[in-house]
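Take a look at the structure set out below.
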2 protein chains.
Amino acid sequence: MLRPYPRDVLGAIIARMSVERHVYFFGNGRADGSAAMRDILGGKGAGLAEMANLGLPVPPGFTISAKLCIAYVEQGTFPPALRAEVDRHLKHLERVTKKGFGDAKNPLLVSVRSGAAVSMPGMMETILNLGLNDQTVEGLIAGSKNQRFAYDSYRRFVQMYGDVVFDLGKEPFEEELAKAKARRKVKRDIDLPADDLHDLVHDFKTIVKKRTGHPFPDDPQEQLWGAIEAVFKSWNTRRAKDYRQVHGIPDSLGTAVNIVAMVYGNMGDDCGTGVAFTRDCRTGENVLNGDVLTNAQGEDVVSGARTPEPIEKMKRGKLAKVYRELERLATKLETHFKDVQDVEFTFEHGQLYMLQTRRAQRTGMAAVRSAVEMVEEGLITEEEAVQRVPPQDLDQLFHPMVDPRASVTVLAKGLPASPGAATGEVVFDADEAEAMKKKGHDVILVRPETSPEDFHGIVAARAILTARGGMTSHAAVVARGMGKTCVVGAKELDVDPTAGRFRVNGRAVKRGQVITVDGTTGRVILGAAKLVTPKVGKEFDQLMAWADARRRLRVRANADIPADARRAREFGAEGIGLCRTEHMFFEGDRITLMREMIVAADEAGRRKALAKLLPIQRRDFEGLFEVMDGLPVTIRLLDPPLHEFLPHTHAEIAALAKHAKVPAAQLERLIHSLVEANPMLGHRGCRLGITYPEITEMQARAIFEAAGHVAGKGKKVTVEIMIPLVADVRELLNQTEIIRRVAQEVFHREGRAVPYLVGTMIELPRAAVTADEIAKEAEFFSFGTNDLTQTTFGLSRDDAGRFLPFYVEHGLLSDDPFQVLDQAGVGKLVEMAVKLGRGTRRDLKIGICGEHGGEPSSVKFCHRVGMNYVSCSPFRVPIARLAAAQAALEEAGVVSRTKATV
Amino acid sequence: MLRPYPRDVLGAIIARMSVERHVYFFGNGRADGSAAMRDILGGKGAGLAEMANLGLPVPPGFTISAKLCIAYVEQGTFPPALRAEVDRHLKHLERVTKKGFGDAKNPLLVSVRSGAAVSMPGMMETILNLGLNDQTVEGLIAGSKNQRFAYDSYRRFVQMYGDVVFDLGKEPFEEELAKAKARRKVKRDIDLPADDLHDLVHDFKTIVKKRTGHPFPDDPQEQLWGAIEAVFKSWNTRRAKDYRQVHGIPDSLGTAVNIVAMVYGNMGDDCGTGVAFTRDCRTGENVLNGDVLTNAQGEDVVSGARTPEPIEKMKRGKLAKVYRELERLATKLETHFKDVQDVEFTFEHGQLYMLQTRRAQRTGMAAVRSAVEMVEEGLITEEEAVQRVPPQDLDQLFHPMVDPRASVTVLAKGLPASPGAATGEVVFDADEAEAMKKKGHDVILVRPETSPEDFHGIVAARAILTARGGMTSHAAVVARGMGKTCVVGAKELDVDPTAGRFRVNGRAVKRGQVITVDGTTGRVILGAAKLVTPKVGKEFDQLMAWADARRRLRVRANADIPADARRAREFGAEGIGLCRTEHMFFEGDRITLMREMIVAADEAGRRKALAKLLPIQRRDFEGLFEVMDGLPVTIRLLDPPLHEFLPHTHAEIAALAKHAKVPAAQLERLIHSLVEANPMLGHRGCRLGITYPEITEMQARAIFEAAGHVAGKGKKVTVEIMIPLVADVRELLNQTEIIRRVAQEVFHREGRAVPYLVGTMIELPRAAVTADEIAKEAEFFSFGTNDLTQTTFGLSRDDAGRFLPFYVEHGLLSDDPFQVLDQAGVGKLVEMAVKLGRGTRRDLKIGICGEHGGEPSSVKFCHRVGMNYVSCSPFRVPIARLAAAQAALEEAGVVSRTKATV
């Protein structure tokens with residue numbers, strides 16, 4: 001069994017506890033703690049303490065240290081001194097509030113809330129109004145002169161306590177509530193009269209007694225300690241543990257318990273509760289915004305039972321003063337924390353209280369704009385701005401999105417494979433997609449899954465939607481490479497291309513019907529949803545300039561055609577790190593020539609077909625070299641198994657047989673014989689160039705001739721030729737000899753030499769562990785971490801969909817290793833290869849060209865192990881640039897203050 | 001480019017040469033060299049020197065050092081001093097032989113032969129009678145008084161020189177010779193009269209002039225230096241280089257040149273030449289044997305132009321004296337070299353000369369018997385006997401073989417997947433094989449390739465023959481495991497099961513026809529070939545006893561059923577290292593239950609089917625535990641992808657649909673959905689047990705219940721449960737928790753606990769590099785080097801047939817990594833895992849259960865990295881025992897003298 005702490009460490013912790021303080025008071029303009037004590041007070045407690053110290057109106061209360069949590073979970077008891085310490089603080093709270101806990105005349109009620117150092121779902125939620133019983137409720141009525149309010153508070157308390165302490169769930173209580181409203185024929189909770197609420201309290205208590213076998217506790221002390229224990233216990237619920245495992249949060253953190261004097265937003269129309277953001281979290285605009293509900297308590301805002309109103313509405317009318325005060329406090333908090341804040345507030349008869357403040361979640365656009373503007377405002381430094389924006393969030397900046405305010409009909413949800421949103425008519429076939437596109441239609445290609453034969457359909461479509469496949473399936477990878485919206489693995493879809501329709505949850509969508517695909521969230525939406533395009537402006541350019549000035553890692557793009565290369569440069573790519581030559585062979589006539597080559601009976605036949613491919617391939621390379629204009633271009637030689645190029649339907653086979661002048665039956669046999677049990681581990685990569693050296697020859701010739709032609713026009717050309725799937729240095733040697741020989745021939749014939757490097761992909765574990773040998777021949781390494789992940793894990797990304805989601809969900813893997821580089825396993829091989837390679841060749845140029853080259857944590861890893869560059873799809877280049885800058889700043893010890901912000 | 005030597009090292013070698021001696025004389029009862037100087041003199045030269053030193057009748061001559069070879073190959077010239085040194089030795093040779101090189105009256109003729117330290121095909125062959133020209137031939141006539149002999153020698157010389165020095169091949173000369181025999185209407189070369197031979201010399205020289213553009217060299221000095229250069233150059237022919245690369249022979253060895261005064265076996269009927277073995281190389285019997293040809297020169301024996309006679313024939317008649325002398329010398333040589341010798345001899349007018357002696361090749365049976373008898377004779381020590389027998393050769397001892405003397409019609413040749421030979425009627429279907437077997441027929445199952453569904457057919461057949469697949473294909477692995485004869489990848493076979501026949505090279509073999517499959521050589525033989533069974537007797541037991549006393553590594557067997565386990569114990573296995581539980585599910589009703597489990601709609605349905613499998617599986621384990629009687633039994637939980645168990649034909653699917661009460665169409669869809677792109681990297685191994693924990697539960701329950709029952713009968717049970725395909729410790733933890741929980745349940749219920757270990761396969765690179773983490777949970781490691789090789793190389797063994805043979809043939813890989821563990825790559829991961837694992841858990845038990853566990857060099861590797869045991873198929877257990885003993889002796893520094901033997 002895994003234990004968060006070994007026994008001896010635990011012993012030391014417990015020993016220390018007996019002398020340490022466990023409870024921290026705040027309120028009345030001062031606090032025992034501060035924002036820096038997050039580890040002890042948790043996020044919520046630290047925020048409350050800091051606000052109290054700043055003199056903000058915070059209801060008084062105290063926080064029980066998170067350090068106690070683990071000991072409680074392990075031992076099931078509290079240190080003996082705790083009870084006295086809590087009592088002491090409760091007494092102090094009574095003095096400050098001038099109320100008595102359990103006092104039937106003037107009762108002190110409190111909220112009990114959990115709060116860990118890291119925001120974490122799955123733990124115990126809030127309990128409000130704790131301290132109420134049949135006696136104290138009378139005091140509350142007397143004090144507030146509001147019977148309805150008092151019983152509303154009471155029934156809320158019993159409901160929340162039953163849900164979170166007795167673990168009965170919300171449903172039994174909601175059912176009773178619904179019955180009461182039905183009886184009274186009202187829609188809203190708020191419309192229930194006091195009597196009904198009074199009865200509900202009784203009904204709720206009956207539910208508790210029936211289900212737990214014990215009466216609902218009336219003693220406020222018993223209520224309090226039950227709640228405290230429930231908070232601590234909630235640290236170890238299955239859901240919380242799983243969440244921590246998945247997100248790499250240490251089990252040893254623990255959660256604090258916040259006990260705060262109640263203030264009431266449900267005492268009348270001059271009362272209310274709400275949330276506010278110091279800037280617009282969608283756009284970044286520097287304007288206070290948020291939602292408010294009058295005559296309500298906290299959970300009403302989130303539960304959706306009533307629709308809150310925008311806080312701007314408070315500006316005018318009787319709440320104008322409250323609004324101005326909120327504005328003042330929000331500015332004060334942002335200036336203090338130097339980041340956009342997300343605050344919770346309550347006002348009671350016009351008196352504003354701040355209940356929580358924390359760093360606000362925001363869109364990519366808002367993150368960029370607010371960071372840059374805060375530098376301009378002098379709030380933060382350029383380095384802080386660079387470190388503050390999560391690189392991943394930049395992905396949202398370049399794609400249209402479904403208007404967050406639009407109301408849409410979601411048909412299904414798949415994996416958000418490539419961001420953006422697009423609307424179009426559904427088609428089920430690549431040819432049809434192309435034909436419709438030509439007629440001026442916007443189309444969405446919907447397939448069970450895609451294969452290279454669908455390539456022209458992907459090109460023609462506005463978006464791709466598949467029922468199968470994961471984040472690195474064919475559709476996902478190709479679409480991401482083109483920056484095209486894509487949702488994959490939408491399992492609920494039953495796609496029937498033959499019938500020309502897909503079914504989903506009892507609904508059928510036919511060819512030609514309009515849908516919207518939201519690649520940012522994975523939603524499949526019926527009809528044309530309203531799309532909006534984020535504006536990336538000068539703030540983005542400014543942030544990138546600051547990042548570029550600070551990063552060491554170069555950033556290249558994966559691009560196969562000049563249009564991609566051009567886009568890559570627009571996004572700031574400093575070269576092409578991966579040009580996949582096979583993608584050049586799928587279009588138009590090329591596939592026919594390629595097939596001619598494959599079905600040729602002998603080398604002479606293959607050479608004949610290759611000779612026809614040569615000028616086409618040469619033109620491809622010329623285009624790339626011209627666009628890149630001296631920046632390095634890494635070209636990978638043919639990689640996929642040959643059968644991927646072959647036709648599969650009878651009609652296509654017959655056509656090819658006719659073209660190639662071979663009997664169809666013979667061709668069928670050939671195609672069948674090329675099918676592999678495990679194509680991923682089959683006859684592909686350099687194994688093709690070794691068994692058919694004429695393919696390597698043709699490709700090398702096309703590269704060198706193209707380089708010569710472009711150089712002849714006075715442009716600089718920097719060529720790097722990359723050999724795929726090398727397992728042993730002898731394979732590389734075999735291919736290098738061919739390439740160098742062809743280079744000499746071409747250079748000699750054309751009277752012009754072009755500088756070039758020959759290197760290899762490191763994408764097999766054997767290449768990684770023999771990298772010292774391989775570096776004797778390789779002038780550069782490029783880690784193909786997609787394949788390296790597949791082989792290191794023994795995991796086919798095409799098949800992983802059957803268990804990988806289960807793994808990630810159940811914490812057997814922290815992340816999908818095809819999205820986030822597995823540093824503990826794959827990364828270990830990468831590090832080993834870097835070390836071995838540089839041991840042989842000190843100046844070995846090293847990069848990465850797998851999908852991970854555009855994933856922030858992986859980019860940072862690449863920086864740390866000393867790579868020269870990362871290469872990713874053009875749209876992810878800014879992400880990589882920013883992550884690279886953050887890595888450099890982290891290395892230099894510049895720690896973002898964002899982390900220390902509550 | 002790879003160079004054997006860097007420039008500076010080469011310079012040093014050349015510098016040293018100017019002071020070193022390059023030429024070594026032998027003859028007249030003394031020699032400059034000895035057997036210890038193999039590196040300089042090569043095998044042949046060292047043998048000649050040693051024989052001369054022993055006082056054996058060796059024709060005098062000298063050897064040019066192999067050290068010169070590399071310098072010559074690199075530089076194209078000889079060191080200046082060499083010519084004078086050779087001249088000096090040639091003069092000495094003239095003095096000793098009392099003949100003159102180029103002397104027209106009394107010519108000295110020599111043979112020129114290459115000879116490297118290691119026997120190696122592809123290099124230059126012998127040139128005999130060098131020194132002959134139109135003048136010296138007259139002296140030879142005069143001296144021998146035998147014109148026919150002289151011209152026969154002359155035409156042989158021109159023929160051989162033209163072939164090997166001018167590289168014209170044998171054909172043009174053989175054609176002329178054939179014409180001459182046709183003209184004279186004789187069949188044998190020996191029947192051509194002197195005049196015809198005289199004319200042939202002229203014709204041969206004309207061929208040389210026509211083809212090379214230069215006249216045939218008449219100057220003996222020019223002849224000699226041409227031959228010397230040709231020998232050195234032959235070191236770097238493509239074929240020789242490839243051979244070295246494949247066999248790991250360093251390029252830097254070089255070959256020596258042996259120049260030996262001619263003695264003539266072709267001077268008459270009291271002359272002759274032959275080869276002899278000091279013991280019978282088929283049986284090991286201590287009896288001189290060999291072949292002899294009278295009135296012939298060396299190459300006649302090997303060329304097959306005349307059929308030699310057994311040397312026993314010499315015992316009586318005029319050659320009796322020569323025979324007795326040969327017997328005396330053979331004994332002397334064997335006693336001296338302490339190993340069976342293979343000698344070449346020539347006798348000239350009754351005078352015997354020894355031309356070569358070397359270690360004799362022998363069968364496994366002969367190797368064992370001669371080694372053991374030599375210990376008994378006091379010739380060698382027990383350790384030497386253990387080290388002398390190549391472990392691989394033991395494989396021949398347990399299988400019938402095709403009588404080496406039988407004449408057979410070979411239809412095709414495939415890969416010798418599992419040794420032995422068997423005769424039977426051809427069947428093309430597993431069911432038919434079973435039915436025929438029941439009727440008492442011996443059958444050979446012939447398939448394009450096999451799958452688990454053919455299992456019962458493999459069980460029923462005497463031998464398996466497949467057209468596709470490699471040494472580790474399904475048929476190969478299963479057959480080897482059962483010790484059943486098997487030939488796979490017989491590519492020339494066009495197998496048509498539907499038509500009930502296979503075609504091969506224009507011939508058709510139909511169902512029911514008899515063939516013989518020779519799994520030792522890979523031959524497919526028409527009809528019933530005569531089979532013989534090697535006798536393994538007390539010598540084998542004796543050798544194994546010596547080996548067992550010296551090894552540290554334990555040897556276990558891979559066995560799935562009690563019959564295999566029993567056989568394994570007979571072969572000396574000390575436990576079961578791998579019991580593949582899935583093999584238990586393919587037979588009879590079990591596959592139906594397994595299918596029922598897979599097609600179940602939910603967990604409840606799966607549990608129902610599993611409950612029916614439980615008692616069956618429990619009985620399997622009981623059987624194993626009883627046979628193994630306390631020896632450890634390692635049981636691997638379910639490993640293969642589920643779809644392997646499912647039916648594929650429409651009829652089978654319909655049957656299953658009926659049985660499982662699901663619509664056939666739905667079942668088809670399910671089966672289709674289970675098909676994986678790369679099943680090797682798919683939903684298998686522990687991924688099954690994690691997503692379907694009820695499978696692991698059932699297997700664990702069956703194991704513990706079985707163990708309890710057998711223990712209840714008073715037998716000891718040692719259980720090791722092994723989790724397959726673990727990539728991360730969390731997977732292992734998940735499965736371990738289930739197993740330990742079930743163990744507690746069963747032990748508690750039955751009131752009896754059985755000791756057990758839970759460990760893991762290390763068969764993925766990620767497991768190897770995170771072995772420190774995994775060892776926290778694993779109580780033992782077992783390296784699954786088949787899968788580890790696949791993933792480390794990114795190489796599917798099912799698909800590798802398309803390029804792996806090309807790789808091995810062209811030196812891109814030294815060996816098939818599925819047969820011989822790749823120590824440089826896979827081995828590096830194994831070493832790393834051993835080190836990391838033991839770093840966490842010092843006493844971690846470590847073994848190997850891949851195919852490599854029975855391959856000698858891999859077994860030795862396992863010893864060196866410190867494993868506790870190897871596990872292999874039962875028939876290979878003796879091989880592993882012997883290899884393990886050799887590894888221990890090597891480690892202890894006991895070097896076999898065999899290696900130093902010429």
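By convention in this document, chain letters (A, B, ...) are assigned in the order of the sequence lines, proteins followed by strands, and residues within each chain are numbered from 1.
- Among the candidates A:Met832, A:Lys828, A:Gln790, the residue making the largest number of heavy-atom pairs closer than 4.5 Å to chain B is A:Lys828.
- Within the 4.5 angstrom heavy-atom criterion, no atom of B:Ala800 approaches chain A.
- At a cut-off of 3.5 Å, with distance as the only test, a side-chain donor of A:Ser814 or B:Arg730 sits close to an acceptor on the other residue.
- A donor and an acceptor atom, one from each side chain of B:Glu449 and B:Thr466, are nowhere located under 3.5 Å apart.
- Heavy-atom pairs under 4.5 Å with chain B were tallied for A:Gly825, A:Pro765, A:Ala824; the largest tally goes to A:Pro765.
- Interface residue A:Val675: only backbone heavy atoms are found under 4.5 Å from chain B.
- With hydrogens and angles left out, the side-chain atoms of A:Gln735 and A:Thr696 include a donor and acceptor closer than 3.5 Å.
- Contact annotation for B:Asp822: only side-chain heavy atoms (C-beta onward) come within less than 4.5 Å of a heavy atom of chain A.
- For A:Arg447 and A:Asp454, the salt-bridge test passes: some basic side-chain N is under 4.0 Å from an acidic carboxylate O.
- In this structure the side chain of A:Pro724 reaches within 4.5 angstrom of the side chain of A:Arg636, judged on heavy atoms.
- At a 4.5 Å heavy-atom cutoff, the contact between B:Leu829 and chain A is made by side-chain atoms alone.
- Note: A:Ile690 leads A:Val826, A:Asn734, A:Ile690 in heavy-atom pairs under 4.5 Å with chain B.
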Could you tabulate the donor-acceptor pairs under 3.5 Å formed by side-chain atoms of residues 768-776 of chain B, not counting sequence neighbours?
residue	atom	partner	partner atom	Å
B:Thr770	OG1	B:Arg766	O	2.7
B:Glu773	OE1	B:Lys776	NZ	3.3
B:Glu773	OE2	B:Lys776	NZ	3.2

